[in-house]
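Here is the naming used below: chain letters follow the sequence lines, and residue numbers restart at 1 for every chain.
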Amino acid sequence: MANDAKAATAGAVGSAVADRAWYGHKGNLYAMIIVALVALGSVWALALDSRWIYLLVYVWFGLGYGIFLQYGRFCMASAVRDLFAVGVPRMAVGMLIAVMLFSLTAAAVQVLGVNTFHPHPMGWHILIGALIFGFGIVFTGGCASGSLYKTGEGNLGSLLVVISISFSQAIYVAQSGWLDKLVPAAWTSSAAEKMMPEELSVTEGWFDQFVAGYVWDLQGGQLAGQLGIDGMFTGPFIANALLGAIIPSLLLMLYLYHSAFKKGYLRRAKIDAPRLGDHLRGIWAMVTSSRNTAIAGLCLGLLAGGHMWATGELREKYEIFNFGELLAEMEYTDGLSMQDTVFDPGYWYITTQEAQWGAWAMDKVGIEMTDNIFFGLENGIPNPIINAPGWMSIGIIFGAAIIALSRREFKWKVPSLETAMFAIIGGALMGLGARIAMGCNIGAFFATVTNGDLSGWVFLAGMAAGGWLGVKAFNMWMEWRAGDDDLAL
Amino acid sequence: MAVKFEKVGDHDFLLDVTGYVCPHPQMYTKKAMGKLASGDVLTLLFDNPSSGESIVAMCESEGNELIEKTNEDGASKWLIRKA
């Protein structure tokens with residue numbers, strides 16, 4: 001059935017374009033123009049100063065992420081939402097494939113000694129933040145990375161989500177006033193004990209007190225260290241990858257097969273009394289049922305490992321720990337933190353650079369944005385032109401646009417009032433959740449579980465619970481919209 | 001722009017979710033299929049490519065037949081027959 005449908009698709013598309021050369025189709029032409037512009041921009045930047053290679057690594061890996069995200073419709077919002085809303089495990093399976101492969105490439109990068117990963121402190125904040133984030137993604141129609149690739153498909157509602165995530169995070173981080181009243185006294189006193197520079201005013205603003213008075217007091221780590229498996233290969237591959245990522249992913253896939261795929265598969269295959277071999281074939285059918293998502297998962301895992309390796313090598317070459325040092329050497333000191341650092345994870349990350357965009361714009365209209373730990377001490381608010389991870393996000397949009405154009409799937413879409421409202425409110429919830437959990441589905445889940453940091457699985461549990469609640473709320477919204485009309489949905 | 005669901009023939013229904021992004025198309029499709037009787041055909045219009053992946057999987061899982069699938073410049077028209 002699916003094959004027939006694919007043939008029909010190919011026929012319909014093919015008939016429209018078969019008589020034209022590839023460059024004769026506008027989509028291909030626009031895609032090539034984007035590639036040419038990025039290439040020209042890269043050459044120009046390198047001609048100015050070869051050290052911009054550090055930023056360009058983010059741009060090109062972003063482009064790669066965007067291509068595969070769009071190719072596989074790879075969106076982690078759909079991993080949890082479609083499972084609960086329509087019983088489809090497709091994306092959840094793709095996500096787990098990507099996790100397993102990235103855990104292996106990350107382990108290889110760690111063996112090479114250039115792994116840039118930093119463990120996240122483990123605490124309740126991850127579960128709570130992820131729950132809020134997971135609730136938000138049901139309404140925005142995309143996770144943090146999904147909203148970027150959908151923007152690249154011409155979806156202006158997704159662009160609205162990105163803007164909402166950017167500004168909401170910046171506002172939460174810099175907020176003080178009535179929210180301070182909700183801060184536990186223990187956080188305030190613990191934050192005061194950290195002896196932070198006075199200009200950060202860490203005992204004012206809920207986010208500073210949350211970070212310095214709570215998160216900094218928590219412990220985090222990688223499984224290899226926690227289990228005491230410290231061999232050069234056994235630590236990264238056995239502890240971090242196998243025990244921390246691959247076995248949990250396989251167990252989750254078994255659960256997905258049992259709960260969401262088995263019944264339909266056995267019916268389609270006309271198997272009444274399944275044996276072990278039937279179930280194994282069923283699991284394989286689940287993995288291959290969306291070939292593109294599985295391929296995207298594999299390629300994203302490889303790219304993410306390659307990204308870490310490339311950034312790690314460049315840090316060794318330039319003898320730096322952070323891009324801020326390189327920017328300072330190049331005399332770009334505006335927007336650096338008080339430690340001369342900027343946000344520079346060295347791997348796939350989404351939300352923090354978006355918070356920096358929001359903060360940069362708010363700073364430009366005269367709002368004080370650097371009297372806090374997040375921007376003032378750690379991440380800075382560099383001009384978006386020299387914000388390396390910010391360029392990774394823009395790269396994702398461009399990469400997705402390239403492939404969407406060439407697959408004739410690019411279409412400008414202006415959101416209705418309803419989707420615009422969902423984008424803004426859902427995006428604000430995603431921003432709040434990401435800041436409380438200290439990351440999004442990429443930084444706090446994908447990049448953590450693949451590096452032996454179990455806090456990522458806590459994030460997934462929270463995101464799934466939030467997604468489940470979000471689907472319930474969305475269904476209520478649909479019922480309310482439908483009213484009493486029998487044919488209405 | 002609103003979701004449009006209407007009966008267009010004895011056994012034919014139309015669901016138009018053009019302009020909507022995830023999760024609207026797949027969730028409305030699931031609801032619409034729930035209102036159809038066995039053998040009825042739903043014509044589905046949508047323009048959010050990622051929803052298509054989920055709708056294919058939904059059809060496979062529930063045994064509904066995807067009898068026609070055309071995509072042109074981001075706009076899709078699919079015909080689904082309820083099992």
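- Residue A:Y265 does not touch chain B at all, counting heavy-atom pairs closer than 4.5 Å.
- Of the atoms belonging to A:S158, not a single heavy atom falls under 4.5 Å from chain B.
- If you take CG on B:L79 and CD1 on B:I67, they are separated by 5.0 Å, rounding to the nearest 0.5 Å.
- Interface remark: of the candidates B:P23, B:A57, B:S61, B:P23 forms the most heavy-atom pairs closer than 4.5 Å to chain A.
- Contacts with chain B were tallied for A:L405, A:D82, A:V471; A:D82 has the most, counting heavy-atom pairs under 4.5 Å.
- Side-chain contact between B:V21 and A:N155 is present, with heavy atoms from C-beta onward closer than 4.5 Å.
- Between B:V56 and B:W78, the closest side-chain pair of non-hydrogen atoms falls below 4.5 Å.
- For the side chain to side chain contact (heavy atoms under 4.5 Å, CB included) criterion with A:L148, the lone passing option out of A:V161, A:L159, A:V162, A:I165 is A:V162.
- For A:F422, the part sitting under 4.5 Å from any heavy atom of chain B is the side chain, from C-beta outward, and nothing else.
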field: From CA spacing to verdict: side chain to side chain donor-acceptor pair (under 3.5 Å), B:N71, B:S76
entry: CA-CA 4 Å; B:N71 301 304; B:S76 297; 2.4 Å; yes
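- Interface residue A:K150: only side-chain heavy atoms are found under 4.5 Å from chain B.
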